[in-house]
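Data first, discussion second: the structure below is written as structure tokens.
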Amino acid sequence: MIQIAILGLGTVGTGVAKVVAENKRQIERKLGEPLEVKTVLVRHFKDGLYRQLMTNDFQKIENDPEIRVVVETIGGVEAAYEYTRRALEAGKHVVTANKQLVAEHGCELLELAKRKNVSYLFEASVGGGIPILHPLTQCMAANRIDEIYGILNGTTNYILTRMVRAGATFQDALREAQEKGYAEADPTADVEGIDAGRKICILGDLAFGRQMDPEAVPMEGICKLSLQDVKIAQRAGYRIKLLGRAVRLPGSGRTAYVAPHLIPEDNPIANVEDVFNAVMVRGNATGDVMFYGKGAGELPTASACVADVMECLQASPRRDEIGWDGGTEGFADPLSLKSRHYFRIAGSLADAAAVFGQVEVLSENGETAFLTEAVSGQEAAQLSQSLKVLACMRVLA
């Protein structure tokens, strides 16, 4: 009998317990022996199916030699970091879905796991139920990864989908997302791009082998998006999506950011709707490879956690191929990247052409919406200073 512990019994923790119980036969066939949740760490005891497993004393997990894997589903950083560090120090494998913890302390915790000859795995931290980290580090290991971009937050994608399909305003679509349970009462991390930013940092860390400090990665959300821009983009054959993007630069440079983009409707990611996520990985040998599925939710995320548990137990003795250097040198301002830009201005086509030269007009109706030729972010910001800019976004090539 293999015994594990779960830290936290919220949505993901409960899902892990359910997956272990409901898929026990399949899991046992893969592992060769049964898998059982022995202990669940909670802050407050409550009645229910798992009442007999609950404890509020982490030492009971830390000092239990029968517990081989700890699944951290607390979220946040402070307590999660402390418990993760102590579990690894105790020689236990740790699995997590905690994107903030991995983005901020993943390098350190991976090094600690390596010293203790155990695994620290976090497949569920980026795409929920979408397998992306394992393919990135194993299946595409022979590639030089040049770029990763994608829809990394289901809440914002749902809001944008409702703005397109129903013509809802941002505020109305957000309210609907909250009513359906897709958005938290405080949706800041989602709608301001912070959640997607943490995820693109993890992807960039693994793809480029060096730390991407979340504090250095610009994160812009969708709060300022106007329904007018959504409609203009749609009429012109584009969709607006919030993308996290990490790009390899010449030499050893790299950059990353989160921002809304206009995406041509023939790009597969343009048609990813509702709460679904999608990640595009560009390898120098494979070209573009897309991963698609539910990026959050109780059972999809729990499925990825339990798969990591099984991998910890099957690895001999640990997985060594994941990890990155803790140095942050070589990170460049993403404003150096060149792309076409979308502008909506309070002005005429003549005003736009006087500043940007040749432009592609998308709308003229008192205000002018247009696309520029490819320019860097710095050039776009500098050139547009003389215009009354109402909206500005990059266009994904």
Side-chain angles (χ1 to χ4, degrees), residues 99-100 102-104 106 125-127 132 136 145-153 155-157 160 188-225 229 233 238-263 267 269-270 272 277-282 288 295 324 328-343 371-372 374-384 389 391-397:
K99 64 193 76 71
Q100 183 179 2
V102 177
E104 295 182 13
S125 67
V126 171
I132 174 61
L136 180 64
I145 305 302
D146 292 325
E147 182 174 350
I148 301 177
Y149 66 87
I151 298 167
L152 302 173
N153 182 272
T155 300
T156 51
N157 203 44
L160 291 171
T188 302
D190 293 324
V191 299
E192 295 289 356
I194 299 168
D195 177 79
R198 292 166 179 158
K199 294 173 181 177
I200 199 61
C201 285
I202 296 169
L203 289 168
D205 293 337
L206 290 170
F208 306 142
R210 293 181 72 81
Q211 176 74 28
M212 284 194 171
D213 180 2
E215 294 293 324
V217 175
M219 301 174 190
E220 178 187 349
I222 62 171
C223 296
K224 298 177 183 178
L225 277 183
D229 296 309
Y238 294 88
R239 298 290 182 271
I240 295 178
K241 298 291 185 183
L242 183 70
L243 297 184
R245 191 174 175 219
V247 182
R248 184 185 296 275
L249 301 175
S252 59
R254 67 212 185 284
T255 192
Y257 66 95
V258 177
H261 288 66
L262 265 69
I263 304 178
N267 184 311
I269 278 188
V272 174
N277 287 190
V279 182
M280 192 77 76
V281 181
R282 181 167 296 157
D288 287 349
W324 56 88
T328 58
E329 301 83 3
F331 186 86
D333 188 334
L335 288 176
S336 63
L337 293 174
K338 283 191 172 185
S339 68
R340 301 184 77 189
H341 284 71
Y342 165 88
F343 280 94
L371 303 183
T372 71
V375 294
S376 70
Q378 290 110 328
E379 291 176 288
Q382 190 172 21
L383 289 170
S384 63
V389 176
C392 176
M393 283 174 275
R394 288 183 183 270
V395 180
L396 186 70

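We're numbering straight along the sequence, starting at 1.
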A270 versus R239, closest heavy-atom pair with distance
O-CG, 3.6 Å
Output all residues satisfying salt bridge (charged side-chain N to carboxylate O under 4.0 Å, His left out) with K241, sequence neighbours left out; order by chain, then residue number.
none
Is the number of heavy atoms from other residues, nucleotides or ligands within 6.0 Å of CD (Q382) greater than 12?
no
Can you check whether V247's main-chain N or O pairs, donor with acceptor, with R254's side chain at less than 3.5 Å?
no
Go through the structure and list residues passing salt bridge (charged side-chain N to carboxylate O under 4.0 Å, His left out) with D288, not counting sequence neighbours.
R282
Any chance you could measure T255, atom OG1, to F208, atom CZ, to the nearest 0.5 Å?
9.5 Å
Taking the side chain as C-beta and beyond, is there a heavy-atom pair between P214 and M219 under 4.5 Å?
yes
Looking at L337, is its backbone amide N or carbonyl O close enough to the side chain of R394 to form a donor-acceptor pair, meaning the two atoms are under 3.5 Å apart?
yes
Might you work through the side-chain contact (heavy atoms from CB on, under 4.5 Å) test for I263 and L243, ending with a clear yes or no?
CA-CA 10 Å; I263 304 178; L243 297 184; 3.9 Å; yes
Can you see which heavy atom on L225 is nearest to which on I240, and at what distance?
CD1-CG2, 3.8 Å
Has N157 got a side-chain atom pairing as donor or acceptor with V272's backbone, closer than 3.5 angstrom?
yes
Criterion side-chain contact (heavy atoms from CB on, under 4.5 Å) on V375 and H341, from CA distance to verdict:
CA-CA 8 Å; V375 294; H341 284 71; 3.8 Å; yes
Show, in sequence, the C-alpha distance, side-chain angles and deciding distance for D205 and Q211, and conclude whether the side-chain contact (heavy atoms from CB on, under 4.5 Å) test is met.
CA-CA 5 Å; D205 293 337; Q211 176 74 28; 4.3 Å; yes
May I ask you to decide whether D195 forms a salt bridge with K99, counting only side-chain N to carboxylate O separations under 4.0 Å?
yes
For the CG atom of L242 and the CD1 atom of I222, what is their distance to the nearest 0.5 Å?
6.5 Å
Using side-chain heavy atoms (C-beta onward) and a distance below 4.5 Å, is Y149 in contact with I269?
yes
If you define the side chain from C-beta out and look only at heavy atoms, does anything of L383 sit under 4.5 Å from T372?
no
Sub-3.5 Å donor-acceptor pair from the side chain of R248 to the main-chain atoms of I145, do we have one?
yes
Test E192 against C223 for side-chain contact (heavy atoms from CB on, under 4.5 Å), laying out the working first.
CA-CA 7 Å; E192 295 289 356; C223 296; 3.5 Å; yes
Where the side chain of S376 meets the backbone of K338, is there a donor-acceptor pair that is under 3.5 Å apart?
no
Interatomic distance, I151 atom CD1 to T156 atom OG1 [nearest 0.5 angstrom]:
8.0 Å
Separation between CD of E220 and CE of M393, rounded to the nearest 0.5 Å
8.5 Å
Using every non-hydrogen atom in the two residues, find where P334 and Y257 come nearest and quote the distance to one decimal.
CB-CD2, 3.5 Å
Measuring only between side-chain heavy atoms, which start at C-beta, is V191 closer than 4.5 Å to N153?
no
Interatomic spacing from CD1 in I132 to CD1 in I202 - rounded to 0.5 Å
12.0 Å
Answer yes or no: is there a side-chain heavy-atom contact under 4.5 Å between R210 and W324?
no
Return the minimal non-hydrogen interatomic distance between A391 and D229, and the atom names on each side.
CB-OD2, 3.3 Å
Looking only at heavy atoms, which two atoms of M212 and I200 are closest? And how far apart?
SD-O, 4.5 Å
Assess, by modelled atom type and distance only, whether the side chains of D333 and S336 contain a donor and an acceptor separated by less than 3.5 Å.
no
Salt bridge (charged side-chain N to carboxylate O under 4.0 Å, His left out) partners for E215, two or more places apart:
none
What are the two closest non-hydrogen atoms of S384 and F343, and how far apart are they?
CB-CE2, 3.6 Å
Would you say the side chain of L371 lies within less than 4.5 Å of the side chain of L262, judging by non-hydrogen atoms?
yes
Point-to-point distance, once rounded to the nearest 0.5 Å, from NZ of K199 to CG of N277:
5.5 Å
Quick one: does any side-chain atom of S339 pair with a main-chain N or O of A374 as donor and acceptor, under 3.5 Å?
no
Salt-bridged, E147 to R245, with N to O below 4.0 Å?
yes
